[in-house]
There are 2 protein chains.
Amino acid sequence: MASIKDVAIKAEVSTATVSHVINGTRYVADKTKEKVYAAMKDLDYSPNMVARSLRSRKSNTIGLLVPLLAEDTSNFFFMSIANGIEQVLKENGYNLVLSNSNENADMEKDQIKVFNRQHIDGLVIAPVNGKEHRYEDQFNGEYPVVFIDRRPQGYKGDTILVNNRQGTKEAVEVLLNKGHEKIGFITGTLGITTSDERLEGYKESLAQHHIAFNKSYIKEGPATFQKGYQLAEELHKEGVTALFVANNVMTMGSVSYLQANDVKVPDQMAIIGYDDYDWMKIASPPLSVVRQPAFEMGKAAVEQLLKRIHGDTEGTNEVMLNSELVIRGSC
Amino acid sequence: MASIKDVAIKAEVSTATVSHVINGTRYVADKTKEKVYAAMKDLDYSPNMVARSLRSRKSNTIGLLVPLLAEDTSNFFFMSIANGIEQVLKENGYNLVLSNSNENADMEKDQIKVFNRQHIDGLVIAPVNGKEHRYEDQFNGEYPVVFIDRRPQGYKGDTILVNNRQGTKEAVEVLLNKGHEKIGFITGTLGITTSDERLEGYKESLAQHHIAFNKSYIKEGPATFQKGYQLAEELHKEGVTALFVANNVMTMGSVSYLQANDVKVPDQMAIIGYDDYDWMKIASPPLSVVRQPAFEMGKAAVEQLLKRIHGDTEGTNEVMLNSELVIRGSC
DNA sequence: CTGAAAGCGCTAACAG
DNA sequence: CTGTTAGCGCTTTCAG
């Protein structure tokens, strides 16, 4: 592997000149440039990014830490985010180091430590669920951080969220406007911000329509297919006429229940799910859902990060993206 | 950020000793070790990986290059692979740099160039579709490479593939055994290895059952939902009684057609799709599919890569993983 | 059992 | 308009 020194010798200039030609950091005579380019080509030179990083304390790399669970469909959501991030990053000459906390706080800490010594230029993190991790103490302060999708309690800093409350509220509103009064709400474990916000939206919508809140219509449990199936069954038996399911895995389970028991949608039971996947289009009937702008979240996160990297230090930026209600045939 | 020098001073030893304590690379008296550990703790020292990489020419980072297309469901497949890779990598103290070629040969070349100057320790690549890229010329030879999912024509080197031919053959066999003789085959554009292999499996199965191959039952097109819908329609009108759809996006389109037109599955039309997604369980009827072991492919790729990194230079290793036929209600 | 010191490849003062 | 040179933080030979 040719080094900058080799190029300098071949081009009969100094390494400084070569460096400046590469980086355009000072004026170099055209003729000299030519020589340098020729030498670089001859030697098939390409700069050693590691050395560059060491010297310039900049790696052109940003980290992404996501909480993926094996076999969880919600992974698709984070992967869309990753995709959005990678895309914007590439356009800006940055690389993406991907890491997974497995939705586990200890692993997350470990991964942050890894990033701390890795000299990343920034970090996008979708934090694990859970109350209190003193994130402020975990970062070494040498790179900006943007939180995404979930905001840890009490964390103040750049955050890209999606409007869970509003998204849910609108969806439930549609159900209410169709005349439903007994609306079941199926959610993954409560106590995590996204779930709680969605529940809030549900309550708010009900309140606005002066429908009494019935606690027994709220069904909570681990976000699994089976649980979704089971909770849909319970609600069905309790006589609800509409279902709002606050995550995609449980949506699938719920649909499965309705199908298996020949419950006619939307006549006997209306349903609105969360997250938009292609298969929802071919469900029968096609499923109405609250669609989260995953790709856009990734983009927004990187854009914010790049601003910070480029020296913006103003306040903190909290972006709240709107989700979109996609009405199909299931309600 | 404390450096090794700071630690050395604080512990009143040389930097060499600190380094050896950290890496366990030579004997150090227990007493000295204590001092070093204490100093490290005091200073909250953590080694600078960039400097370490520069010096030791090893980054503990491997690259992954996948061909994702925006909005393509098959992304899930590659993301599962990425997940498997990340997991094994983490267990071994490696990091993952993720990159996307967007199924575009030029972008792929660019990304390889980026990796070349990044000092990665290895690369896993799911190459873009297409005939001839002289991959051998693109890699700088300083890191081992493992190809995954697709083998470029004429490439010799470590490869992790899935047995497309066998997977398809078995699936078609099931259809044949149920008495179907007119079996439609819907595929993405032919000419790419995975599609071609699946078609081969189809033909082989037919041949073994002495069913004449009917070219008009083979429908090819870009792997989109719409095209899947359309081709299913064409085949239906040509009177086939069973459908084998060789990729998941088109499977979705085909199912959509059958549903929209009230074609009873499996009575009026049996169908087997490709790739296993959760939604297939709740299709009505649940879809039978050929399941590819994505996560396992990722694992296998990294394991092979790590072998190479650790000095194994023997021959080339071609792993062919079996896909699994998942029979549900659609055939 | 430990230290001194060279040097990985690059950037960026400083000096002309 | 260009060159000299001091490091970035670490590993590793060589020398004791």
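Within every chain, numbering begins at 1; the chains are lettered A, B, ... in the order of the sequence lines, protein sequences first and strands thereafter.
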Checklist entry - Is there a donor-acceptor contact under 3.5 Å from the side chain of B:Thr61 to the main chain of B:Ser59? => result yes
I'd like a table of donor-acceptor pairs (distance under 3.5 Å, sequence neighbours excluded) in which one partner is a side-chain atom from residues 23-47 of chain A, with atom names and distances.
from	atom 1	to	atom 2	distance (Å)
A:Asn23	ND2	A:Ser19	O	2.9
A:Asn23	ND2	A:Ser19	OG	3.4
A:Arg26	NE	A:His20	ND1	3.3

Once you round it to whole Å, what is the distance between [atom2] of [N] and [atom1] of [X]?
X: A:Lys58; N: C:dC10; atom1: NZ; atom2: P; answer: 17 Å
X: B:Gln118; N: C:dG9; atom1: CD; atom2: C1'; answer: 15 Å
X: B:Asp30; N: C:dT2; atom1: CG; atom2: P; answer: 10 Å

Next on the checklist: Run the salt bridge (Lys or Arg N to Asp or Glu O under 4.0 Å) test on B:Glu318 and B:Arg151 for me, step by step, so that the C-alpha distance in whole Å, both residues' side-chain angles and the decisive distance to 0.1 Å come before the verdict.
Outcome noted: CA-CA 10 Å; B:Glu318 300 196 358; B:Arg151 190 218 319 270; 2.9 Å; yes
Checklist entry - Is the closest side-chain heavy-atom distance between B:Asp149 and B:Phe77 below 4.5 Å? => result yes
Checklist entry - Do the ring centers of B:Tyr135 and B:Phe147 come within less than 6.0 Å of each other? => result yes
Checklist entry - When you check every protein heavy atom under 4.0 Å of nucleotides 7-14 of chain D, what one-letter string (B, S, -) results, 5' to 3'? => result BBBBBB-B
